[in-house]
Amino acid sequence: MAEAADFQGTSPSPARRWLRRTGAVLAGTPLLTGLLQLPAASPAEAATPAAPRAASDDGSVAVSVDSLTPGAPAEGDTVTVSGTVTNKGKKTVTDASVGLRVGSLLDTRSSIDTVAKNSDDIGSPVGAEIDDKYTEKFSKLTPGVSQPYTISVPADELDLGQDGVYDLSVTLTGETSDQPWEQTLGLRHTFLPWQPDEADTKTKTTFMWPLISTVHMTAETGSDEEQTPVFHDDELAEEISPGGRLDRMVDLGKDLDVTWVIDPDLLASVEAMTTRYEIPGENADDKNAVGGHQAVAKRWLTEVQKAVADKEVVALPFGDPDLASLAHHGTSVTGSLRHLKEATDVAAGTVESILHVNASTDFAWPVEGAVDPSIIKVSTSAGADKVITRGDTFEGGRDLTYTPTAPRPIGGGTTAVVADARLSTVFEGDMARASASTQAVQRFLAQSLTLALQTDRPRSVVIAPQRTPSAAQAQTMAEAIGALQDSTWSQPQDLTAAAKSKPDPDAGTEVPPASAYPKSLRKQELPRSAFEQIARTQDKLDRFKVILSNPSRVVTPFGRALNRGMAASWRGRPAEAAIYRSGVEAYLDTLSSQVRLIEKSDTKLSGRSATIPVTVQNNLVQGVEHLVLRLTSTNPTRLEIDGNAYEEQPIAVSGGHSQSVKFTTNANANGRATVIAQLYTQDGRPYGQPVTFDVKVTEITATVMLVIGGGVLLLVLAGFRMYTQRKRAAARQAEEREQENAADAADAADAADADAGDAKNPEASERRPTQESAPDTREDAPEQPSDPAPDTAPESADPSGTGERVDR
């Protein structure tokens, strides 16, 4: 921006201030005359000035301004400045005094920058010290020791006349043993805006309040019905916990008139934490590793809902993609702009479903507002028609003596909303120190007032701070915005209203060329290889999703993960970004490999036709369909598949199951034939790895068939012969049993007749022995098969032995 834009066109100081300083000079004249009349002094005494001079050791005492209230005083206020003084030197400082000095009016924005740059330079100009009663004295300052101070001065005592920004400096004067005269040993410049009365034309100021984080969620989800999300770290829980960075952003922003600029990915990630989530590698018994922060996540989302109620909300594309990287390295990779369109399409819906507010998606925000023609083209390709840029990379306009209003029409229905660079970058750096925070607030107010006093034209000013402010930076921003909203020269405005305000006809509208894009930012961009990997992963996803019975379980988490892979938060972290993208692709490969063909060993085929089974395994939770299994013979003259070189069959397998498919084969000749099994999607694209195996074909001749037939006949005859033999043996045994039964019956009849005769002739009965006691001993008596074997030997004619019984 042209330096001419800094001038206010006003005089530097009021008359009463000139009179006071003139009186001080006149009062010192008699003292100076008396000194001239004294005898020649020693060299040391001759070097002693009438007023404190800078120390020869260039500021041996550090002075800090830790608080200045109010930041922009009005009539009747009391200005209170507090801080510390620290002796950094090796000598003890004696007769030390801390006082305030009001310097000249800083009537240009560049003069404020100069003072800020040299804020502790004890050689820089300072104004006259305020009345001695508004000082704080120290008898001595020991080396290395800090002492606090507090000085309160009524605003009326500061002799602030004309509206504008004054250089307010805190100085420490004192003496040391080797330099025993009053000298300035420490100094700190700050700024005091002064406009007690309401301005006729107030500057409309828009402050963008970013709610953005880094990438935390992966593409992986659990196999349960709820699809438990997986986070690669637990840093987000720390950010949203009480006192965390994002918790402070919400707590501080809820009472400010700001435009909330939100990355929907942040909201989606926190919402995922409200149930159960996992962190790989963490102890499964650790409640924090399996979602121990549900209450924290729910509380934070509730606070965000309250904070944005009745406020303007701008939704960035999902994941906050790096528009500059996409423009410079991604547009040459097919499909890259498709991801930006998808990220934009889901942005508003995500914010509305979680926060229950309507969010605008009309704004694109490149990193640090740096643009060139290609960035503008990419930024508007997904539907945004307003691009937030920054004044240090966008020309302000020729011969302008003021900072122009924010909106600039740049053609094609696109508006460049140019944020003020000085106001946007003032909060960068370490704001954890109170002195740095106070200086940033006062510098912010000083720049804002100086800008407002440049012209009476109504203007809209936009402030776009760093994307992810720290908690300390957010605290400083909130203090500055609060002071600005209470000021007399500014009023808040929404970002949409600022973009629609009337453009300044003299403001520059030419988009900077590619050569003007900052080299420091270009070095941090995502490389072309990043977008090539994203495109490769998307191609794999497209092939995988068509076979799924419920593709949304995979498409949604992977689609959002690909958006995160091109996030602006990866700048400066190329290794981490590469690991994340590789993890997404590797996990998709793992899922895809769960649907596969089972390896098959070589097969022997005997005969002219047979069936070959091939098994498809699905280890996914959900079913797969729309697949075709093709079995191909590499030598169809030897082996045909269903009469052709190949055969195809549709496949549908339930989750966690396998399915075997049988193919009919026909052999034309003996030998070995190689067969290939391959899955295909319905559009003819191969899916997964093929399975290759050999089939050994053996043709069977007629002679072999006769031999086999003869063998079978012999087996049948042998079995029949064995059957008949067993049958005959059984019949013979039955006949013998019948004969035995008949003989037993005849014997029984004879015995009965004999008993009857014995009864008539007892003597005869005595002479005839029974069958059991005296069997027939005739040698010529025929032996009956059924006769029992003799139980005793034949009778002997010899005399019987003693004790031997003889039947009679």
Side-chain angles (χ1 to χ4, degrees), residues 1-2 5-6 8 109 193 195 198-210 253 256-261 311-314 360 362-366 368-369 371 376 379 384-398 400-411 413-427 444-465 477 480-511:
M1 186 177 297
D6 292 330
Q8 294 179 193
R109 303 189 70 186
Q195 182 170 311
E198 293 285 335
D200 294 333
T201 303
K202 290 188 175 183
T203 302
K204 296 179 180 178
T205 306
T206 300
F207 202 102
M208 296 167 52
W209 196 256
L256 302 174
D257 290 325
V258 295
T259 293
W260 293 79
V261 181
K311 301 287 182 64
E312 183 183 38
V313 176
V314 171
S360 171
D362 297 336
F363 293 87
W365 189 15
E368 296 190 11
V371 296
I376 294 292
S379 299
D385 58 359
K386 303 174 185 66
V387 182
I388 300 170
T389 67
R390 210 167 67 186
D392 52 353
T393 60
F394 204 99
E395 184 181 1
R398 297 181 179 179
L400 286 179
T401 59
Y402 56 88
T403 302
T405 194
R408 319 273 183 88
I410 56 177
T414 303
T415 300
V417 181
V418 183
D420 187 82
R422 288 184 171 97
L423 295 175
S424 298
T425 59
V426 71
F427 304 107
F444 175 84
L445 295 174
Q447 288 286 358
S448 176
L449 176 56
T450 305
L451 183 151
L453 294 173
Q454 289 174 342
T455 179
D456 291 335
R457 287 173 175 265
R459 287 171 296 168
S460 294
V461 175
V462 174
I463 302 167
M477 288 161 50
I481 297 171
L484 185 64
Q485 291 176 354
D486 293 335
S487 70
T488 59
W489 65 85
S490 175
Q491 66 182 41
Q493 185 181 41
D494 290 342
L495 183 59
T496 300
K500 292 181 179 179
S501 61
K502 184 179 179 180
D504 193 316
D506 297 325
T509 58
E510 184 178 354
V511 178

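Please read all numbers here as calculations on a predicted model, not as lab measurements.
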Any side-chain heavy-atom pair from [X] and [Y] closer than 4.5 angstrom?
X: M208; Y: I388; value: yes
X: I410; Y: F394; value: yes
X: S448; Y: T203; value: no
X: F363; Y: T496; value: yes
X: Q447; Y: V426; value: no
X: L256; Y: F207; value: no
X: T405; Y: K502; value: no
X: R408; Y: T389; value: no

Review point. Counting only N and O atoms by type, is there a donor-acceptor contact under 3.5 Å from the side chain of T393 to the main-chain atoms of G369?
Key: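 Between the backbone of G369 and the side chain of T393 there is a qualifying donor-acceptor contact (under 3.5 Å).
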Shortest non-hydrogen separation from [X] to [Y] and the atoms involved:
X: Q485; Y: D257; result: NE2-N, 2.9 Å
X: P465; Y: P210; result: CG-CD, 4.0 Å
X: V417; Y: V462; result: CG1-CG2, 3.8 Å
X: A421; Y: R390; result: CA-CG, 4.0 Å
X: L484; Y: L445; result: N-CD2, 3.9 Å
X: I481; Y: V258; result: CD1-CG1, 4.0 Å

Quick check for you: to the nearest 0.5 Å, what is the distance between [X] atom [atom1] and [Y] atom [atom2]?
X: T201; Y: R457; atom1: OG1; atom2: CZ; result: 11.5 Å
X: E198; Y: Q491; atom1: CD; atom2: CD; result: 10.0 Å
X: I463; Y: L423; atom1: CD1; atom2: CG; result: 4.5 Å
X: E312; Y: S360; atom1: CD; atom2: OG; result: 6.5 Å
X: S424; Y: E368; atom1: OG; atom2: CD; result: 10.5 Å

Practice item. Check the surroundings of atom NZ in K386: do more than 12 heavy atoms from other residues, nucleotides or ligands lie under 6.0 Å from it? Key: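 More than 12 within 6.0 Å, yes.
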Review point. In chain order, what residues pass the side-chain hydrogen bond (donor to acceptor under 3.5 Å, both in side chains) check against T206, with sequence neighbours excluded?
Key: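 Once residues adjacent in sequence are excluded, T206 has no partner under the side-chain hydrogen bond (donor to acceptor under 3.5 Å, both in side chains) criterion.
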Review point. If you measure only the distance, is there a donor-acceptor pair under 3.5 Å linking the side chains of R109 and T403?
Key: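 Note: R109 and T403 side chains meet the donor-acceptor criterion.
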